[in-house]
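Let me begin by presenting the structure, written as structure tokens, before commenting on it.
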Amino acid sequence: MLEIKHLRKSFGSLVAVDDVSFVVNAGQLVGLLGPNGAGKTTTVSMIARLLTPDHGEVLVGGQRLAGDTDPAKRRIGLVPQDLALYDELTARDNLRFFGALYNLTGRALDDAIGVAMHLVELSDRIKDRVKTFSGGMKRRLNLAAGLLHDPDILLLDEPTVGVDPQSRNAIFDNLETLKRRGKALLYTTHYMEEAERLADRIVVIDHGKVVADDTVAGLQSRVAPVEDIGGVRANLETVFLTLTGRSLRD
Amino acid sequence: MAFIQVIPLWAMVRKDLQIFFSDRRAVIMSFAVPIAIASFFGSIFSGPSRTSEPAKISIIVVDQDQGTISKSITDGLQHDKNFKVTTTTLEQARDTVRRGRTAAAIVIPTGFGDAAGLALFSRREKPQLDVVFDPSRSTEVAMVRGILTQHVMEAVSKEMFAGPRGRQLVDETLNSVDSMPMPEDRKKLLRDMLGSVQSFYQQNQADPNAGSGGGLTMPYTVREEPMTAGSNIAYNGYAHSFAGMGIQFLLFAMANLGIEVLLERQRGLWKRLRSAPVSRVTLLAGKTLSGTIVALMTLWVSFGFAMIVFGVRIQGSLLGFIGVSVACALMAATFGLLVAALGNTPATARGVTTFAILIMVMLGGAWVPTFIFPAWLQQATLVVPPRWAVDGLDAMTWRGIGLSGAVGPVLALLGFAALFGTIAAARFRWEEA
């Protein structure tokens with residue numbers, strides 16, 4: 001569904017992403033992991049066409065993504081790390097606006113809003129202004145805004161930052177539902193337990209390069225001979241630290 | 001691709017208007033503040049109404065001479081419609097002027113009347129009249145100086161040609177002609193003239209009803225005709241102040257729109273906008289259109305108030321007024337885009353744009369009329385949009401110029417809008433890291 005080929009992006013002399021390639025298939029959630037500044041957000045931004053790659057290409061359903069108004073962009077939904085919502089507006093007005101950006105109007109738009117709000121369990125707050133929402137509710141609405149136009153691919157950039165366990169679990173449930181519906185999900189996070197729970201495959205990126213691309217079990221097996229303690233398999237965090245090192249990243 | 005997508009465009013406009021109207025207190029303030037300030041400036045610059053007395057300049061006269069001429073000067077000043085005169089001592093006068101309670105004090109020193117009378121016909125040293133003034137009120141002082149000259153000339157000449165002290169001084173002057181340092185032929189002419197003045201006195205003495213008249217007076221009167229929209233239409237200063245303050249506040253409102261874009265960027269909202277299949281032209285056009293609508297509302301609500309409360313009327317062309325208003329609003333909206341394109345952070349953008357707007361509106365004549373500027377600066381103000389906006393709105397309101405008066409300002413404002421829009425589009429940060 002989503003194919004990333006040799007993406008490269010530099011800012012001046014800093015090479016943020018260097019020859020990154022991976023695939024996200026339909027009905028699959030791929031976890032994109034990496035330390036701070038590894039190039040995760042830059043990679044997601046290039047896929048969403050927020051940044052133009054210096055080199056490489058993004059294929060959606062086999063079609064190369066190009067230009068601001070490429071219709072293939074409709075097949076991608078973005079859930080940014082920031083709570084990209086208008087606090088002054090109601091949940092409905094926010095979604096009406098974001099839906100209209102994808103040419104949704106009238107009944108189709110209302111139906112899409114209903115489905116998205118139902119999925120994130122915020123239907124009863126649809127007429128309330130976003131500024132009255134809790135952090136967890138805003139995160140769920142942020143997710144709903146990315147789903148409105150029913151994209152085949154969903155890019156989720158740390159979608160659970162700063163939310164309580166209840167809201168996080170609700171978001172996990174939403175994502176599992178979406179996976180069952182055949183959506184391709186790319187999920188960046190710092191929380192290893194989230195990746196372990198949700199991801200079908202993990203892509204580890206460091207210093208702009210892909211250092212591993214495997215299933216959780218596959219990654220664990222790579223490190224297991226060294227890290228096994230008392231017969232227990234190494235967890236993902238141990239694997240991650242082994243792959244990316246223990247030096248601090250700022 | 002450079003094309004406008006209608007559904008996203010209207011969604012952007014609707015969203016921006018919803019956000020604008022969502023904070024009712026801010027909406028009221030954005031309409032009320034320009035109205036309040038324009039009303040204040042209008043009340044200052046409107047001038048007197050047709051029925052009311054003109055504002056008088058407060059002056060003090062210190063008469064140390066206490067002679068016929070000095071009393072006549074004081075009396076003349078007291079009856080002048082331009083002045084409110086009080087008399088006091090020199091010390092008190094100086095203190096009052098220093099405290100800014102009065103514009104100027106005129107000090108008539110001892111012996112002034114006689115010395116001025118003698119100096120009128122001979123080359124004797126001219127006596128000095130002291131004017132103690134408040135340097136912060138130089139315009140009023142210039143007016144005082146001009147009117148004072150008139151009253152002094154009138155009082156001195158009246159006394160010299162008709163008063164007893166004048167007769168005495170003429171006699172004294174006649175007796176001293178021989179000792180004056182001038183050629184003989186000139187002395188003869190002066191003797192003849194003073195002799196005629198003596199004959200004039202004698203005739204007056206013989207027939208007091210002959211009408212000795214006053215002294216030298218202004219040899220002309222002035223008929224003033226204010227060039228407004230028509231002979232029956234008085235100048236309404238509120239029209240100018242609402243134009244000026246309207247432009248100022250719609251520029252502030254649109255700068256705020258630009259800062260909002262920067263805030264939206266900080267909040268990640270532009271990531272959503274850019275990830276959607278919406279063209280750059282649509283995004284900029286949406287912001288421009290919503291900004292133009294808000295700016296137009298700000299301007300028209302202000303003018304609506306001025307029309308209802310202060311009787312401001314569109315004496316020129318209604319179509320021209322609409323054209324100038326729309327061009328103003330478009331210019332202001334693209335100025336907002338420029339702020340969004342060139343600003344780094346909301347805080348720095350706010351500081352820089354506040355300074356830029358204040359300079360522009362000051363040079364544009366929104367605060368004070370541009371005619372008080374030096375000639376070179378008046379020419380220079382043509383490069384600031386508010387000058388054209390204020391001129392255009394003035395032309396369509398109190399000046400009563402027809403549609404032709406709107407053409408220049410509209411074209412200039414549209415030119416500024418095109419310039420701002422082009423720079424904004426070229427410098428807009430489209431990449432979202």
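Just so we're clear, the structure is a prediction, and the values are computed from it rather than from any experiment. Residue numbers start from 1 in every chain, and the chains themselves are labelled A, B, ... in the order their sequence lines are given, proteins ahead of strands.
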Report task. Could you tell me which portion of A:I76 (side chain, backbone, both or neither) has an atom closer than 4.5 angstrom to a non-hydrogen atom of chain B? Result -> neither
Requested in this report: Pick one of side chain, backbone, both or neither for A:A145, based on which atoms fall under 4.5 Å of a heavy atom in chain B.
Outcome: both
Query raised in the report: Is there side-chain contact between B:F303 and B:T397, with heavy atoms separated by less than 4.5 Å?
Result: yes
Query - Polar contact flag, side-chain donor to acceptor under 3.5 angstrom, A:E158-A:Y191 - result: no
Report summary line: Most heavy-atom pairs under 4.5 Å with chain A, out of B:M12, B:K15, B:Q266, belong to B:K15
**Report entry** Side chain, backbone, both or neither of B:Q5 within contact of chain A (heavy atoms, under 4.5 Å)
**Finding:** side chain
Requested in this report: Please look at A:N142 and chain B and tell me whether the side chain, the backbone, both or neither of the residue comes under 4.5 angstrom of a heavy atom of that chain.
Outcome: both
Query raised in the report: Given that the side chain runs from C-beta out, which part of B:W430 has a heavy atom under 4.5 Å from chain A: side chain, backbone, both or neither?
Result: backbone
**Report entry** Heavy-atom pairs under 4.5 Å with chain A, option from B:A276, B:G268, B:A11 with the top count
**Finding:** B:A276
Report task. Give me the ring orientation class for B:F31 and B:F20: parallel if the planes are under 30° apart, tilted from 30 to 60°, perpendicular past 60°. Result -> perpendicular
Query - Test: B:R272 cationic atom under 6.0 Å from A:F98 six-membered ring centre, within 45° of axis - result: yes
Query - Between A:T177 and A:N174, a side-chain donor and acceptor under 3.5 Å - result: no
Report task. Answer with side chain, backbone, both or neither: which region of A:T105 has an atom nearer than 4.5 Å to a non-hydrogen atom of chain B? Result -> side chain
**Report entry** Within 6.0 angstrom of A:Q63 CD, more than 12 heavy atoms from elsewhere
**Finding:** no
Requested in this report: Can you tell which part of B:L273 gets under 4.5 Å to a heavy atom of chain A, answering side chain, backbone, both or neither?
Outcome: both
Query raised in the report: Between B:R265 and B:F428, is NZ or CZ placed under 6.0 angstrom from the six-membered ring centre and within 45° of the ring axis?
Result: yes
